[in-house]
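One structure is given below, encoded as structure tokens.
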Protein chains: 2
Amino acid sequence: MLKYQQTATEIEAYIEQHALQQGDKLPVLDQLIRQFAVSKTTMTKALELLERKGTIFQVRGSGIFVRKTNRKGYIELFSTQGFKQNLVEHDIQSKVLSFELIPCPEEIIENLGSAPGEMVYAIKRIRYIDGNIMCLEESYYRQTIVPYLNREIVEQSIFEYLEMALGLNIGFSDMYMHVGKLPDAVATHLELTAGDPALTVETIFHLTNGRPFDYSVITYHYEHSQFVVQANGLYL
Amino acid sequence: MLKYQQTATEIEAYIEQHALQQGDKLPVLDQLIRQFAVSKTTMTKALELLERKGTIFQVRGSGIFVRKTNRKGYIELFSTQGFKQNLVEHDIQSKVLSFELIPCPEEIIENLGSAPGEMVYAIKRIRYIDGNIMCLEESYYRQTIVPYLNREIVEQSIFEYLEMALGLNIGFSDMYMHVGKLPDAVATHLELTAGDPALTVETIFHLTNGRPFDYSVITYHYEHSQFVVQANGLYL
DNA sequence: TATTATAATTGTACATGCACAATTTATCAA
DNA sequence: TTGATAAATTGTGCATGTACAATTATAATA
């Protein structure tokens, strides 16, 4: 683990231990540097990480303060790292509906940037959060990059396997979201009615070297999923 | 404008001028430093910014490459900065449904962290994108922080006014998203039918000093709004 | 007391330099 | 040709230091 990540973790622990609340002030930068015995660069990067994560915010000339989400029951949609802490609080289970190795379907070739006829693992699963149906997930993994998968792995966390066992370095992803009415086939799987609202998220995952390896379409159960996003820029 | 932001903009221009496509390689770091005549720190920060923005990705030992979204018609939901480029491509209009100065409603006090009885500007508008209804927005601005607003400002971009005219520094925000069925009242405004799907986003905006100043609830028209998110961490 | 000017505090921008890790290319042996 | 090994390339991590800008506290003034 990198030093600035380690430092960030230690600062989180510090916040926890001292039971700091929203708006509470941390020690000033210089003292943090001394206290955690790192350079200014490292501390700055650690703080920047925590800021992006939504844990703290910094005010020049004033100090470093705790920023905390209070609402419970929301899924952290984009966590920029450290999603484990977030999801550990929830019990995630998967039921595999289908698992096969097929030639890459036409409409997905473009998304995966794959050669015609290339083989992909096609997986369909239902994912449960704390016992409730959270979403239906259809995903396609390029065999060129993910040479082997089996049903057992797919029942657990696929990404953990990719990172741990295969040593793949997962980089960035493009997500496309839209809201619509549930088609009949999907509704059945989610135990909802056709026409009910649904959030659909298409994602193309890339390795750190930029190669796309996974395309997935997730349809969320509108009653069992709500999301929180902590953002730092500005929008509409 | 800060030097590293300026540099980032210049690099974007470079990409544009040279018509670089997805996967194309930029000059190596050392040359970029010479070419744009900045220090390594500045260049690194500029590249980091572009990476978070989704414009490029960097591969150690290999180089810096262009990452581009190709799908059209999607609204960039979180832009971490530079949303103008994105929205300039669209024509955004607003119709003000109501505009008043009222004591902060009970259920919003907590979100705004305001004192009981504090006055807020309550605004309801419909926002159009390229002539189509995009969303219904209800927002509440604390008068303590935003001393003056009028109908004319509200018909344009409120945030631009806050930043330009009032000199407020807008910092971070917490967003809560969920999908549901349109209630009757909202459906009318969006020219949809009650029970149709809807994406609702609640947002609490803060100044850079951490004080919340705006709480808004936006309900999107499911047929006229889809979103793209370019992310860099990992999730589910 | 209220207001204004000044100083102290505190985080941010930027420059430079060394060490290192991942990738790619070149080299050589089988 | 293939496969292993070494070397060059190239971005990342981390340390140190200077200058500066925004905030807050203090002192001076009306």
Side-chain angles (χ1 to χ4, degrees), chain A residues 1-11 23-52 56-67 81 145 163 166-172 206-211 232, chain B residues 1-11 23-52 56-67 81 145 163 166-172 206-211 232:
Chain A
M1 196 183 216
L2 295 173
K3 198 163 182 178
Y4 73 91
Q5 293 176 334
Q6 178 58 37
T7 306
T9 309
E10 288 174 22
I11 294 173
D24 283 358
K25 190 177 175 184
L26 270 70
V28 299
L29 187 61
D30 280 340
Q31 194 186 328
L32 285 175
I33 290 170
R34 285 194 300 276
Q35 194 164 328
F36 292 91
V38 295
S39 80
K40 195 168 63 166
T41 313
T42 305
M43 184 52 74
T44 305
K45 285 204 76 172
L47 293 172
E48 191 190 319
L49 200 116
L50 291 176
E51 191 164 31
R52 263 190 294 163
I56 61 166
F57 64 94
Q58 303 183 67
V59 184
R60 159 149 64 177
S62 179
I64 303 160
F65 304 88
V66 174
R67 168 185 176 199
Q81 191 175 106
I145 298 174
E163 289 197 297
L166 296 186
L168 293 182
N169 297 108
I170 294 155
F172 54 91
H206 307 256
L207 300 177
T208 46
N209 65 14
R211 296 175 66 196
N232 295 288
Chain B
M1 197 181 213
L2 295 174
K3 198 163 184 179
Y4 73 90
Q5 293 176 335
Q6 178 58 37
T7 305
T9 308
E10 287 173 22
I11 294 172
D24 284 357
K25 190 178 174 181
L26 270 71
V28 300
L29 187 61
D30 280 340
Q31 195 185 325
L32 284 176
I33 289 170
R34 285 194 299 275
Q35 195 164 326
F36 292 89
V38 295
S39 79
K40 194 171 66 167
T41 314
T42 305
M43 185 52 74
T44 306
K45 284 205 77 172
L47 294 172
E48 190 190 320
L49 200 117
L50 291 175
E51 191 164 32
R52 261 188 296 162
I56 61 166
F57 64 93
Q58 305 183 66
V59 184
R60 159 150 65 177
S62 180
I64 303 161
F65 304 89
V66 174
R67 168 187 175 196
Q81 188 174 106
I145 299 175
E163 289 196 298
L166 295 187
L168 293 183
N169 298 108
I170 294 155
F172 54 90
H206 307 254
L207 300 177
T208 45
N209 66 15
R211 294 176 67 197
N232 296 286

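What you see below is based on every heavy atom in this structure, not just the backbone, and it leaves out hydrogens, waters and symmetry mates. Residue numbering restarts at 1 for every chain, and letters A, B, ... go by the order of the sequence lines. Note that this is a predicted model, so its numbers are computed, not measured.
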Looking at [X], I'd like to know whether one of its side-chain N or O atoms comes within less than 4.0 Å of OP1 or OP2 on [N].
X: A:Lys3; N: D:dA15; value: yes
X: A:Tyr4; N: D:dG13; value: yes
X: A:Lys45; N: D:dC14; value: no

Mind listing the N/O atom pairs, protein and nucleotides 3-8 of chain D, below 3.5 Å?
none

What are the atom names and distances for every N/O pair under 3.5 Å that joins the protein to nucleotides 16-19 of chain C?
from: C:dG17; atom 1: O6; to: B:Lys40; atom 2: NZ; distance (Å): 3.2
from: C:dC18; atom 1: N4; to: B:Lys40; atom 2: NZ; distance (Å): 2.9

- Task: Send over the distance from B:Ile33 CD1 to D:dT12 C1', rounded to a whole Å.
- Result: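 Value for this atom pair: 12 Å.
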
- Query: Only one of A:Ile33, A:Thr7, A:Leu47, A:Leu2 clears side-chain contact (heavy atoms from CB on, under 4.5 Å) with A:Thr42; which?
  - Reply: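 The side-chain contact (heavy atoms from CB on, under 4.5 Å) with A:Thr42 is passed solely by A:Thr7 among A:Ile33, A:Thr7, A:Leu47, A:Leu2.
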
- Measure the acute angle between the ring planes of B:Phe172 and A:Phe57, then classify it against the limits of 30° and 60° as parallel, tilted or perpendicular.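 It falls in the tilted class, 30° to 60°.
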
- Query: For B:Thr208 and A:Met1, take the nucleotide of DNA chain D holding the closest heavy atom to each; which residue's nucleotide lies nearer the 5' end?
  - Reply: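 Here A:Met1 is the residue nearer the 5' end.
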
- Query: Hey, which of these two, A:Phe65 or B:Gln58, hits DNA chain D nearer its 5' end, going by closest nucleotide?
  - Reply: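 This one resolves to B:Gln58.
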
- Message: Quick check against the 3.5 Å criterion: does B:Lys25 have a side-chain atom that pairs as donor or acceptor with the backbone of B:Ser62?
- Response: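 Present.
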
- Query: Of B:Thr42 and A:Asn209, whose closest DNA chain C nucleotide lies nearer the 5' terminus?
  - Reply: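 On the 5' side of the pair lies B:Thr42.
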
- nucleotides 5-10 of chain C: protein proximity per nucleotide (B base, S sugar-phosphate only, - neither; heavy atom, under 4.0 Å): ----BB

